[in-house]
Each structure stands twice: as C-alpha cells, then as structure tokens.
Amino acid sequence: MSKPRIVLAYSGGLDTSVAIEWLKEHKNVEVVACAVDVGQGIDDLDEIRQRGLDCGAVESVVVDARQEFAEQFIAPALKANAMYMNKYPLVSALSRPLIVKHLVRVARETDAAGVAHGCTGKGNDQVRFEVGTMCLAPDLENLAPIREWGLTRDAAIDWAIERGIPIPIKSKQSPYSIDENAWGRTAECGILEDPWAQPPEDVFERTVSVADAPDEPDELILTFEQGLPVAVDGQRMPLAELVAHLDERAGRHGVGRIDMIEDRLVGIKSRELYECPGAITLITAHRDLEDLCLEQELAEHKRSEEGRYAQLIYNGLWWGPLKSALDAFMDAANSYVSGEVRVQLFKGHATVVGRRSDVALYSYEMATYDEDDQFDQTLAEGFVKLWGLPLKTWAARAANQGKGL
Ligand code: ARG
C-alpha cells in the first residue's frame with residue numbers, strides 16, 4: 001500500500017526545504033510541495049518547482065495566485081482600511097488564507113491525508129494555516145514539522161547538509177526572517193529583536209531611506225470606483241498591476257516603512273519591521289476619499305469596525321462568519337466611494353493634496369463663507385439650543401446643589 005500524502009506549503013527557503021525530508025523520515029508520508037506565488041518576487045516558477053523535487057517531494061506544484069491575491073484578498077482589506085494595531089497592513093496575515101485555499105485544493109487533487117506548514121510555534125502564521133484548514137477542510141490533518149522538530153536554524157542547516165538536501169545558499173547569510181508578497185515585506189529576528197536598536201539599512205529592500213529619497217516630490221492621481229483603485233494618472237490597470245506600480249513608485253520616496261512592537265496572538269510582544277509603500281499609499285488615499293463620500297454616521301461606524309476586521313484577519317479567522325458579514329458591510333459602505341485622489345510622494349510620506357468625486361457629500365454651497373453660501377445660519381440658533389439642552393439642565397442642577405463647575 002502506498003504511503004499517505006501530505007501537501008506542504010513550500011516557500012523554497014531553508015525551513016520548508018528540510019521539512020520535506022523530515023516529514024518523510026518521521027511521519028512516513030509522501031510529500032507534495034505546493035508553492036504559491038502571491039507576489040513575493042519569485043523570478044522563476046520552474047526553478048522553485050524543481051527545487052521542491054530536488055528536496056525530495058514526489059510532486060511539486062507552483063501556483064500563480066497573484067491576481068487572485070489582489071482581487072480577493074488585498075481588495076477587501078483595502079475597502080476596510082485594514083491595519084492591525086492601526087499600523088500593520090496585514091501583509092502575511094492576508095496571504096495565509098489564500099495559501100491554505102490552494103493547499104486544500106491540491107490535497108483534494110492528489111488525494112492527500114493532510115497539509116503541512118513550515119511555521120514555528122511562536123508566531124501567528126501557524127494559527128492562520130491550521131484554522132484556515134479547519135474551516136476549508138476539517139477532515140484534513142494539520143502537520144507542523146518545524147514546530148514539532150524544534151531545531152535551531154544552524155542545526156537545521158547541518159541536518160540538511162548531512163543528508164545532501166540542496167538548501168538555498170542565502171540562508172547561511174541572511175540575518176533576518178523575511179516574508180513578502182504584493183502587499184508588503186516583513187522582517188524579524190537578528191538585531192531587530194532588540195527593540196531599542198535602530199534597524200540597519202540592510203533590512204530594507206522595497207524602500208529607500210528618507211535621507212536618500214529624491215528632493216523632488218512625485219504626484220499621482222488615483223481613480224477609485226466603489227472603494228477600489230482602478231487607474232493611476234488616468235491609466236486603467238488591473239489591481240495586481242496597480243499595487244505593484246504604486247509599491248515601486250512610493251518605495252522610491254521612502255514611503256511605507258513601519259517599525260513597531262506588535263502583540264502576537266500567542267501572547268508574545270515582538271518587534272517587527274514592515275515595508276508597505278503601495279499599501280500605505282492606497283489606504284491613505286482610500287480613507288481620504290471615504291471622508292469625502294461617506295455619510296458621517298456610516299463613516300464613524302466604519303472606523304470602529306475597521307480595527308475589529310483587521311484583528312480577525314490577524315488572528316487567523318479569515319474564513320469565519322464574522323469576517324464575511326463584515327465584508328458585506330464594507331462593500332455596502334464602499335458603494336459610493338468613487339472619485340479621484342491626488343497624492344504626493346515625498347520624503348517618506350504619502351500625503352493627500354486633493355480629492356474630488358461626482359458622488360461627494362462635500363457641498364461647496366454648504367461649506368463656503370463666500371456669497372454663494374446656501375447654508376441657512378438661522379437654523380443654527382435653535383439647533384445649538386436643543387443640542388446643549390441636556391447639559392444646560394444638568395449644569396443647572398449642579399449649580400442648585402452648590403456644585404458649580
Ligand atoms: N508578524 C507578522 C504577522 O504575524 C509577520 C509574520 C511574518 N511571517 C514570517 N513567517 N516571517 O503577520
């Protein structure tokens with residue numbers, strides 16, 4: 001009888017490369033490697049596919065999911081201005097549910113008994129992988145070879161060398177743990193674990209430092225339709241392309257560097273470095289257009305739901321019912337978020353310098369102090385009296401009781 005199969009989320013890096021052999025030796029399974037391209041900058045899909053086979057997989061698949069990532073993962077996150085702790089645009093947290101979706105699909109196609117990931121037990125990604133699988137395919141087993149094995153990086157390298165596993169050469173050198181995709185790049189470990197230490201320049205890849213940013217600003221016009229960007233400077237492009245374009249353009253001006261102390265789901269506080277030039281530019285512009293187009297009660301409520309929405313995604317609950325219910329709310333809220341935003345990229349900042357919309361709730365006639373003014377100021381007198389009535393009544397009682405303010 002043939003051995004059971006496990007589909008491993010394969011990145012081509014050290015951990016998942018050694019995980020293939022470890023699963024075979026310790027779990028007596030066959031391993032199908034599954035790499036998912038979410039815009040992390042894989043140059044050669046064939047090369048990574050071959051690497052999976054060279055590391056001992058019986059089958060190796062590479063999925064180009066860049067468009068799907070943009071349209072089904074980045075798009076809803078942008079509509080919700082999703083930022084964990086109001087700072088982190090959820091780069092890794094967004095890609096995991098998509099990777100799980102493909103792991104499960106490949107597991108079905110190859111008649112596998114389970115799926116596996118290369119996460120340690122200290123992070124959020126293990127939760128996102130496993131809870132995702134529990135939602136999409138509760139019958140599949142979840143394996144976590146790196147967590148179970150508990151080897152240090154150096155020991156893993158030695159173990160791989162002993163067995164002749166072709167590990168990526170970079171892994172002996174890079175002092176950081178990196179994850180990246182179209183929505184940004186993350187860096188942890190090494191010197192970054194000292195929260196007092198200023199991050200060295202070699203941490204960064206997608207952004208220049210403010211010191212090296214050009215002295216001339218770059219100005220761009222973003223067109224949004226129903227909450228999503230559809231064109232840059234009048235040129236329409238698919239979302240995946242638009243995000244990549246902005247990421248590059250804003251990165252040149254040092255936009256989108258984030259240095260933060262983050263509360264992980266597993267209870268650890270960690271120091272994280274992110275580079276999200278495109279994401280920060282888009283969220284900044286989108287929020288501004290919302291301010292122009294959303295009715296104020298809706299705007300207020302939306303802001304209060306955004307943090308919750310980001311937290312759900314961060315905590316691995318992407319496929320759960322609250323997430324999809326909130327998506328319906330975010331879609332409804334975005335139905336009039338259409339128009340143009342002018343953004344200036346300069347010295348580390350993406351600054352909105354103008355906005356306009358055919359469906360704006362901004363009214364010049366209401367706002368102006370000039371002769372075009374249509375606002376009936378006589379109404380204000382009664383309004384203010386009624387608005388202040390509860391406090392007036394309360395203050396009168398306080399005074400009666402000898403408790404003046
Ligand atoms: N702390 C971030 C998060 O939980 C980034 C995680 C990066 N993942 C990684 N395996 N290096 O979303």
N/O donor-acceptor pair under 3.5 Å between [X] side chain and [Y] backbone:
X: Thr223; Y: Val230; value: no
X: Ser304; Y: His301; value: yes
X: Arg51; Y: Gly12; value: yes
X: Gln344; Y: Glu219; value: no
X: His349; Y: Thr351; value: no
X: Asn334; Y: Met330; value: yes
X: Glu21; Y: Ser17; value: no
X: Thr368; Y: Tyr364; value: no
X: Asp263; Y: Lys269; value: no
X: Thr16; Y: Ser11; value: yes

[Y]/[X] salt bridge by N-O under 4.0 Å criterion:
X: Asp327; Y: Lys79; value: no
X: Glu59; Y: Arg5; value: yes
X: Arg271; Y: Asp194; value: no
X: Arg287; Y: Asp291; value: no
X: Arg185; Y: Asp247; value: no
X: Glu148; Y: Lys27; value: yes
X: Lys302; Y: Glu290; value: yes
X: Asp125; Y: Arg147; value: no
X: Glu25; Y: Arg163; value: yes
X: Glu225; Y: Arg236; value: yes

How close do [X] and [Y] get, counting heavy atoms only, and between which atoms?
X: Leu192; Y: Pro200; value: CD2-CD, 4.2 Å
X: Leu103; Y: Leu8; value: CD2-C, 3.9 Å
X: Val18; Y: Ala160; value: CG1-CB, 3.4 Å
X: Glu205; Y: Glu180; value: OE1-OE2, 4.1 Å
X: Gly56; Y: Lys24; value: O-NZ, 3.0 Å
X: Glu305; Y: Leu326; value: OE1-CD2, 3.6 Å

Under 4.5 Å between any side-chain heavy atoms of [X] and [Y], yes or no?
X: Asn315; Y: Val127; result: no
X: Val131; Y: Leu317; result: yes
X: Asp331; Y: Pro76; result: no
X: Phe346; Y: Asp218; result: no
X: Leu90; Y: Met83; result: no

For the aromatic rings, using the six-membered ring if either is Trp, is the centroid distance between Phe73 and Trp183 under 6.0 Å? no
Reported [atom1]-to-[atom2] distance for the pair [X] and [Y], which is rounded to 0.5 angstrom:
X: Ser209; Y: Asp212; atom1: OG; atom2: CG; result: 3.5 Å
X: Asn28; Y: Ile6; atom1: CG; atom2: CD1; result: 11.0 Å
X: Leu151; Y: Trp22; atom1: CG; atom2: CH2; result: 9.5 Å
X: Glu262; Y: Thr186; atom1: CD; atom2: OG1; result: 9.0 Å
X: Ile74; Y: Leu239; atom1: CD1; atom2: CG; result: 6.0 Å
X: Met134; Y: Leu140; atom1: CE; atom2: CG; result: 12.5 Å

Measure from NZ or CZ of Arg257 to the centre of the six-membered ring of Tyr274 and say whether it is under 6.0 Å with the direction within 45° of the ring axis. no
Distance under 6.0 Å and angle within 45° of the ring axis: does Arg264 meet both against Tyr314? no
Quiz question: by atom type and distance under 3.5 Å, do the side chains of [X] and [Y] form a donor-acceptor pair?
X: Thr207; Y: Glu275; value: yes
X: Asp376; Y: Thr378; value: yes
X: His286; Y: Asn81; value: yes

In terms of heavy-atom contacts, does [atom1] of [X] have more than 12 from other residues, nucleotides or ligands at under 6.0 Å?
X: Glu216; atom1: CD; value: no
X: Glu365; atom1: CD; value: yes
X: Arg356; atom1: CZ; value: no

Of all residues at least two apart in sequence or in a different chain, which pass the side chain to side chain donor-acceptor pair (under 3.5 Å) check with His253? none
